[in-house]
Amino acid sequence: MVLSMNAPRGTVDILPKDVKAWQYVEEQIKEVCKRYHYKEIRTPVFEHTEVFQRGVGDTTDIVQKEMYTFEDRGGRSLTLRPEGTAGVARAYVQNKLYGDVNQPVKLYYFAEMFRYERPQKGRMRQLNQFGIEVLGSADPAVDAEVIDLAMTVYQSLGLTSLKLVINSLGDKESRENHRQALIDHFTPHKEELCADCQVRLEQNPLRVLDCKKDRDHPAMGTAPSILDFLNEESKSYFEEVKEYLDAMGIAYVVDPTLVRGLDYYNHTAFEIMSDAKGFGAITTLAGGGRYNGMIEEFGGPTTPAIGFGMGLERLLMALEAEGVEIPDTDKLDCYVVAVGKEAEQAAVRLVHDLRANGVGVDKDYQQRKMKGQLKAADRYEAKYVLILGEDEVRNNTITVKEMATGEQQVLPIENIVDTLTGKLLGGK
RNA sequence: GCGGUCGUGGCGAAGUGGUUAACGCACCGGAUUGUGGCUCCGGCAUCCGUGGGUUCGAUCCCCACCGAUCGCCCCA
């Protein structure tokens, strides 16, 4: 490869041979969304930078170092979306969906996200996510439904090595109290913590708990747990969520150190991870939580909301790691083999007519010999091969060969379209 | 931003400081003058990431760069 006309770092082409898996996954997920009564929303690929600064939070890694931010010709600062929730929240406020008769507003999206990171297995600069947002309900049953939906998506696709981890970050009051307790707890050890954590301690002490470098520090084990700081309301909310999960038979693990990287979460936070082998360092398949303050932050009415984001590249990886077969639905119905100039013309017309009648057909365009054309038909896994040669043209016939059995018969060309459409589409 | 590994034909993969750089897969053609999946034969024709350097000579040695990949951080 001489030219450097390659796809930018961290991006990939999804080629025809791979698209099948993507379409299958998308179809299955949409089917689940339909059953759960969620509606699709499509928002812009880029937003005003401020949408993410305010929505995602200034102290997050995403905003601090991972955004694709640029200035447009009008001098506006725009950013390619690094996650899905902020844009949806913005759209919800701007379009006054809080006034919709149907509440809560239950949305899903498929969207590509952009994060400036060093690529590695399961981590791309452009990535695809499926996501859910439910706005307008503070019912813990909604939290459970959202989690249930995510788990159902994975299970309907055949994944089994799943682990659901949940936590509660509590409401504003609980978080504040816990935050102060964390600062009090870690400050005496500040000098012993890693550089990142020293900064985190100032900005967002919750995330010190997330640190992998300092995970063995003695102060970690004794750090105050958020669960001990939940006020009555937060505590009972979390209890209800767990009860609903229990009621649906969804297994979970409570992990008080689960914090999530985004600032906007409160109450329920969750992650779904894969135990499957071949995953490298990446284990998180999906993550989400409640963000009751964001809509207000965007100038809307006080609106409780919850959602999650699910990485589709990682989902595909998980399917592969677990050996899930993707059904092949687009085999070719017919392949027309033509030999000779006259036959070629008849073939073109036949291909056109069959296609017009709903049959999937292809033919040779490489000037291959008959044998080569048959090989191509075999490669394409065509069900039938229709042969037009000199004999057929002379006798106004056509040879129909069923590839699976090798049986073939010579039929009059006259009603061949009807005959074949009946044969191929009769059952549909 | 930091660290490890790697970079040979469409793909996979050997290899050597020095005439024509293995092999496998795939593809095309022939054996079978109009028939696929098996077998055999042939073809696929200067190409060894880029730019420098060492050398009489480098794909193989040195340097830089670019790219890929895996990991750290963090996450999807």
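Every heavy atom of this structure was used, including side-chain atoms; hydrogens, water molecules and symmetry mates were not.
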*Asks:* For the pair A:Lys363 and A:Glu344, find out whether any cationic side-chain nitrogen is under 4.0 Å from an anionic carboxylate oxygen.
*Replies:*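 Result for this pair is yes, salt bridge flagged.
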*Asks:* Using the test side-chain contact (heavy atoms from CB on, under 4.5 Å), find all partners of A:Arg125 that sit at least two apart in sequence or belong to another chain.
*Replies:*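 If we apply the side-chain contact (heavy atoms from CB on, under 4.5 Å) test to A:Arg125, skipping adjacent residues, the hits are A:Arg9, A:Tyr68, A:Tyr116, A:Pro119.
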*Asks:* Is it true that A:Glu392 and A:Arg394 make a salt bridge, defined as a side-chain N closer than 4.0 Å to a carboxylate O?
*Replies:*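 Not counted as a salt bridge, because no side-chain N and carboxylate O are separated by less than 4.0 Å.
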*Asks:* CZ of A:Arg125 versus C1' of B:G1: gap in Å, rounded?
*Replies:*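 After rounding, the reported distance stands at 11 Å.
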*Asks:* Please confirm whether A:Lys30 makes a cation-pi placement over A:Phe130, using NZ or CZ under 6.0 Å from the six-membered ring centre and within 45° of the ring normal.
*Replies:*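 The answer is no, since A:Lys30 fails at least one limit relative to A:Phe130.
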*Asks:* Is there, by distance only and without an angle test, a donor paired with an acceptor across the side chain of A:Lys401 and the base of B:G36 below 3.5 Å?
*Replies:*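 Such a pair exists between side chain and base.
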*Asks:* Between B:U20 and B:C47, how far apart are the two P atoms, rounded to whole Å?
*Replies:*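 Those two atoms are separated by 13 Å.
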*Asks:* Nearest to the side chain of A:Arg9, which nucleotide is it out of B:U69, B:G34, B:C75?
*Replies:*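 Given the options B:U69, B:G34, B:C75, the side chain of A:Arg9 is closest to B:U69.
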*Asks:* Consider the side chain of A:Arg123, meaning its heavy atoms from C-beta on, and name the nucleotide among B:G36, B:A76, B:G29 that approaches it most closely.
*Replies:*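 Between B:G36, B:A76, B:G29, the one nearest the side chain of A:Arg123 would be B:A76.
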*Asks:* So how far is it from A:Phe270 CZ to A:Asp143 CG, rounded to the nearest 0.5 Å?
*Replies:*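 So the gap between those two atoms works out to 8.5 Å.
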*Asks:* Report the distance from atom OH of A:Tyr380 to atom P of B:U35, rounded to the nearest whole Å.
*Replies:*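 Whole-Å distance recorded here is 21 Å.
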*Asks:* Any base atoms under 4.0 Å from A:Arg368, or only sugar-phosphate, or nothing? Heavy atoms, all strands.
*Replies:*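 Sugar-phosphate only.
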*Asks:* Hey, is the side chain of A:Glu381 pairing donor to acceptor with the base of B:G36 inside 3.5 Å?
*Replies:*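 Flag unset: no donor-acceptor pair detected.
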*Asks:* Would you kindly give the CD-to-C1' distance between A:Glu313 and B:C75, to the nearest whole Å?
*Replies:*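 Rounding to the nearest Å, CD of A:Glu313 and C1' of B:C75 are 13 Å apart.
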*Asks:* Taking atom P in both B:G34 and B:C48, what distance in whole Å separates the two?
*Replies:*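 That atom pair is separated by 42 Å.
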*Asks:* At under 4.0 Å between heavy atoms, what does A:Met310 touch on the DNA or RNA strands: base, sugar-phosphate, or nothing?
*Replies:*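 Counting heavy atoms under 4.0 Å across all strands, no contact is made by A:Met310.
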*Asks:* Give one of base, sugar-phosphate or nothing for A:Glu83, where a contact means two heavy atoms less than 4.0 Å apart.
*Replies:*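 If one applies the 4.0 Å heavy-atom cut-off, A:Glu83 turns out to touch nothing in the nucleic acid.
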*Asks:* Side chain of A:Lys121 only, heavy atoms from C-beta on: which candidate in B:G34, B:G71, B:G36 is closest?
*Replies:*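 So the nucleotide nearest the side chain must be B:G71.
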*Asks:* Between atom NZ in A:Lys375 and atom P in B:U39, what is the gap in whole Å?
*Replies:*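 Answer to the nearest Å: 11 Å.
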*Asks:* Which of parallel (below 30°), tilted (30 to 60°) and perpendicular (above 60°) describes A:Phe229 and A:His178?
*Replies:*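 Answer is tilted, since the angle falls between 30° and 60°.
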*Asks:* Expressed in whole Å, how much space separates the C1' atoms belonging to B:C44 and B:C62?
*Replies:*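 Between the two C1' atoms, the distance is 36 Å.
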*Asks:* Over how many whole Å does the gap from A:Lys65 atom NZ to B:C74 atom C1' extend?
*Replies:*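 It is 6 Å, rounded to the nearest whole Å.
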*Asks:* OG of A:Ser234 to NE2 of A:His267: how many Å apart, nearest 0.5 Å?
*Replies:*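 Result: 4.5 Å between the selected atoms.
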*Asks:* Describe the nucleic acid contact of A:Ala377 in one word from base, sugar-phosphate, nothing, applying a heavy-atom distance below 4.0 Å.
*Replies:*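 Result for A:Ala377 = nothing.
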*Asks:* When the distance from CD1 of A:Ile387 to C1' of B:U35 is rounded to whole Å, what number comes out?
*Replies:*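 Those two atoms, CD1 and C1', are 5 Å apart.
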*Asks:* Does A:Arg118 make a side-chain N or O approach to OP1 or OP2 of B:G71 shorter than 4.0 Å?
*Replies:*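 No, A:Arg118 has no side-chain N/O under 4.0 Å of OP1/OP2 on B:G71.
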*Asks:* So for A:Asp378 and B:G36, does any side-chain atom that can act as donor or acceptor lie under 3.5 Å from a complementary atom in the base?
*Replies:*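 Yes.
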*Asks:* Would you say A:Lys369 places a side-chain N or O within less than 4.0 Å of OP1 or OP2 belonging to B:G30?
*Replies:*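 Yes, A:Lys369 has a side-chain N/O under 4.0 Å of OP1/OP2 on B:G30.
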*Asks:* Among B:U35, B:A76, B:G36, which nucleotide sits nearest the side chain of A:Thr284?
*Replies:*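 From the listed options, B:A76 comes nearest.
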*Asks:* Let me spell it out: for each of A:Gly309 and A:Thr405, pick the nucleotide of RNA chain B with the closest heavy atom. Which residue's pick is nearer the 5' end?
*Replies:*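 It is A:Thr405, whose closest nucleotide lies nearer the 5' terminus.
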*Asks:* Would you mind classifying the nucleic acid contact of A:Asn128 as base, sugar-phosphate or nothing, using non-hydrogen atoms under 4.0 angstrom?
*Replies:*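 Result for A:Asn128 = nothing.
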*Asks:* Determine the interatomic distance between P on B:A14 and the same-named atom on B:C61; round to the nearest Å.
*Replies:*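 It comes out at 16 Å once rounded to the nearest Å.
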*Asks:* Need one value for A:Gln126: base, sugar-phosphate or nothing, where a base atom within 4.0 Å counts as base even if backbone is also close, heavy atoms only.
*Replies:*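 The residue A:Gln126 makes no contact with any strand.
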*Asks:* What integer number of Å spans the C1' atoms of B:C73 and B:C2?
*Replies:*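 To the nearest whole Å, 9 Å.
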*Asks:* At less than 3.5 Å, do the side-chain atoms of A:Gln373 and the base atoms of B:U35 form a donor-acceptor pair?
*Replies:*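 No, no donor-acceptor pair under 3.5 Å.
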*Asks:* Taking any heavy-atom pair under 4.0 Å as a contact, classify A:Met124: base, sugar-phosphate, or nothing.
*Replies:*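 Base contact.
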*Asks:* So does A:Gln120 get a side-chain nitrogen or oxygen closer than 4.0 Å to the phosphate oxygens (OP1/OP2) of B:G71?
*Replies:*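 Yes, within the criterion.
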*Asks:* Can you check the A:Asp364 CG to B:C28 P distance for me, whole Å?
*Replies:*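 Value for this atom pair: 10 Å.
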*Asks:* Runs of at least three consecutive Watson-Crick or G-U pairs, both distances under 3.5 Å, are what I'm after; which ones involve RNA chain B?
*Replies:*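 Stems found: B:1-7 with B:66-72, B:10-12 with B:23-25, B:27-31 with B:39-43, B:49-53 with B:61-65.
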*Asks:* Could you state the atom-to-atom distance from NZ of A:Lys17 to P of B:C11 in whole Å?
*Replies:*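 After rounding, the gap between these two atoms is 12 Å.
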*Asks:* Say we look at B:G71 and B:A58: how far apart would their C1' atoms be, to the nearest angstrom?
*Replies:*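 34 Å, rounded to whole Å.
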*Asks:* Taking atom P in both B:G53 and B:C40, what distance in whole Å separates the two?
*Replies:*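 Going atom to atom, P in each nucleotide, I get 50 Å.
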*Asks:* Among side-chain atoms of A:Asp148 and A:Tyr36, is any donor-acceptor pair under 3.5 angstrom?
*Replies:*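 The criterion, which ignores hydrogens and geometry beyond distance, is satisfied for A:Tyr36 and A:Asp148.
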*Asks:* Using the C1' atom on both, measure B:C6 against B:U59 and round to a whole Å.
*Replies:*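 It comes out at 16 Å once rounded to the nearest Å.
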*Asks:* Just checking A:Tyr38 against A:Tyr108, ring centres under 6.0 Å apart?
*Replies:*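 No: the rings miss the under 6.0 Å criterion.
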*Asks:* Please work out if A:Glu390 contacts a base, only the sugar-phosphate, or nothing of the nucleic acid, heavy-atom cut-off 4.0 Å.
*Replies:*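 Result for A:Glu390 = base.
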*Asks:* Salt bridge or not between A:Arg81 and A:Glu112? Use side-chain N to carboxylate O under 4.0 Å.
*Replies:*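 A:Glu112 and A:Arg81: salt-bridged.
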